[in-house]
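Take a look at the structure set out below.
For reference, positions follow the sequence shown, starting with 1.
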Amino acid sequence: QVQLVESGGGLVQAGGSLRLSCAASGSIFSINIMDWYRQAPGKRRELVAASSSDGTTSCADSVKGRFTISRDNAKNTVYLQMNSLKPEDTAVYYCNAVLRPTYYSGRVEYWGQGTQVTVSS
């Protein structure tokens with residue numbers, strides 16, 4: 001069984017910073033994609049930042065220049081450094097991973113439980 005455990009959320013004032021972490025554990029042969037999504041109340045879940053096993057990263061236009069995604073493949077962990085936070089960044093942030101649990105497995109998608117980020121004005 002694979003688990004994604006997020007940490008680092010909280011309450012911060014506008015202009016502040018937070019760093020989210022997501023560690024994957026369990027039966028893991030290889031991880032292809034590790035992403036961060038977010039969902040604000042009444043809105044659809046949206047992709048915030050993505051990272052691939054080849055080192056490629058990308059961020060949504062709304063967070064470009066403020067958020068940075070990084071990954072430690074040795075620790076099966078992905079990070080989201082969030083700077084210059086705005087009230088509109090308030091949401092539950094979810095970690096997402098696409099991975100192969102064993103050598104014989106196809107790719108399977110997993111989600112973390114979510115961590116709340118609240119930015120006050």
Side-chain angles (χ1 to χ4, degrees):
Q1 189 71 2
V2 174
Q3 282 190 315
L4 302 181
V5 178
E6 299 127 333
S7 60
L11 173 64
V12 65
Q13 287 189 331
S17 298
L18 283 174
R19 188 191 193 209
L20 305 183
S21 300
C22 171
S25 62
S27 175
I28 298 172
F29 173 73
S30 64
I31 301 178
N32 182 24
I33 297 169
M34 295 191 83
D35 300 339
W36 288 98
Y37 285 74
R38 68 185 180 187
Q39 187 167 21
K43 294 189 176 182
R44 295 174 62 179
R45 191 172 295 189
E46 62 174 355
L47 178 64
V48 176
S51 73
S52 296
S53 56
D54 64 359
T56 304
T57 62
S58 63
C59 287
D61 288 342
S62 59
V63 305
K64 218 168 265 187
R66 301 188 296 121
F67 291 12
T68 303
I69 188 169
S70 62
R71 191 161 149 179
D72 186 335
N73 290 324
K75 296 181 179 179
N76 290 335
T77 300
V78 65
Y79 305 95
L80 186 67
Q81 178 66 44
M82 304 185 294
N83 299 327
S84 303
L85 282 160
K86 304 176 180 179
E88 51 264 41
D89 294 319
T90 295
V92 177
Y93 284 69
Y94 295 92
C95 178
N96 169 271
V98 177
L99 58 89
R100 292 172 61 190
T102 70
Y103 173 81
Y104 302 100
S105 305
R107 293 176 182 174
V108 182
E109 184 176 38
Y110 293 89
W111 290 90
Q113 80 285 356
T115 184
Q116 177 70 46
V117 171
T118 302
V119 184
S120 63
S121 56

Kindly write out the residues that satisfy salt bridge (charged side-chain N to carboxylate O under 4.0 Å, His left out) with Lys75, not counting sequence neighbours, or none if the list is empty.
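Lys75: no salt bridge (charged side-chain N to carboxylate O under 4.0 Å, His left out) contacts found.
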In chain order, what residues pass the salt bridge (charged side-chain N to carboxylate O under 4.0 Å, His left out) check against Glu109, with sequence neighbours excluded?
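So Glu109 forms no salt bridge (charged side-chain N to carboxylate O under 4.0 Å, His left out) with any residue.
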Taking the side chain as C-beta and beyond, is there a heavy-atom pair between [X] and [Y] under 4.5 Å?
X      : Y      : result
Tyr93  : Glu6   : no
Ser7   : Thr115 : no
Trp111 : Arg45  : yes
Ile28  : Val2   : yes
Tyr79  : Asp72  : yes
Cys95  : Trp36  : yes

Any side-chain to backbone donor/acceptor pair from [X] onto [Y]? Under 3.5 Å, distance only.
X      : Y     : result
Arg66  : Ser84 : yes
Arg107 : Asn32 : no
Arg100 : Ser30 : no
Ser52  : Asp54 : no

Show, in sequence, the C-alpha distance, side-chain angles and deciding distance for Arg71 and Ile31, and conclude whether the side chain to side chain contact (heavy atoms under 4.5 Å, CB included) test is met.
CA-CA 11 Å; Arg71 191 161 149 179; Ile31 301 178; 3.6 Å; yes
Closest heavy-atom contact between [X] and [Y]?
X      : Y     : result
Ser70  : Val78 : O-CG2, 3.2 Å
Ser62  : Arg38 : OG-NH2, 3.6 Å
Ile69  : Ser58 : CG2-O, 4.2 Å
Tyr110 : Leu4  : O-CD1, 3.4 Å
Lys43  : Gln39 : O-NE2, 3.1 Å

Can we say Lys86 and Asp89 salt-bridge, meaning some charged N sits less than 4.0 Å from an Asp/Glu carboxylate O?
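Here Lys86 does not pair with Asp89 in a salt bridge, since their nearest N and O are not under 4.0 Å apart.
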[X] [atom1] to [Y] [atom2] distance, which is reported to the nearest 0.5 Å:
X     : Y     : atom1 : atom2 : value
Cys59 : Leu80 : SG    : CG    : 7.0 Å
Leu99 : Met34 : CG    : CE    : 8.0 Å
Leu47 : Asp35 : CG    : CG    : 5.5 Å
Ser25 : Asn76 : OG    : CG    : 8.5 Å

Pick out which of Val119, Thr118, Thr90, Val63 makes a side chain to side chain contact (heavy atoms under 4.5 Å, CB included) with Leu85.
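Testing Leu85 for a side chain to side chain contact (heavy atoms under 4.5 Å, CB included) against Val119, Thr118, Thr90, Val63 leaves exactly one candidate, Val119.
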Do the two ring centres, one from Tyr37 and one from Tyr94, sit under 6.0 Å apart?
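When the ring centroids of Tyr37 and Tyr94 are compared, they turn out to be at least 6.0 Å apart.
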Let me check something: any side-chain donor-acceptor pairs from residues 10-22 under 3.5 Å, sequence neighbours excluded? List them with distances.
| from | atom 1 | to | atom 2 | distance (Å) |
| --- | --- | --- | --- | --- |
| Ser17 | OG | Asn83 | OD1 | 2.9 |

Enclosure of Gln3 CD (heavy-atom neighbours >12, cutoff 6.0 Å)
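Count not over threshold, so no.
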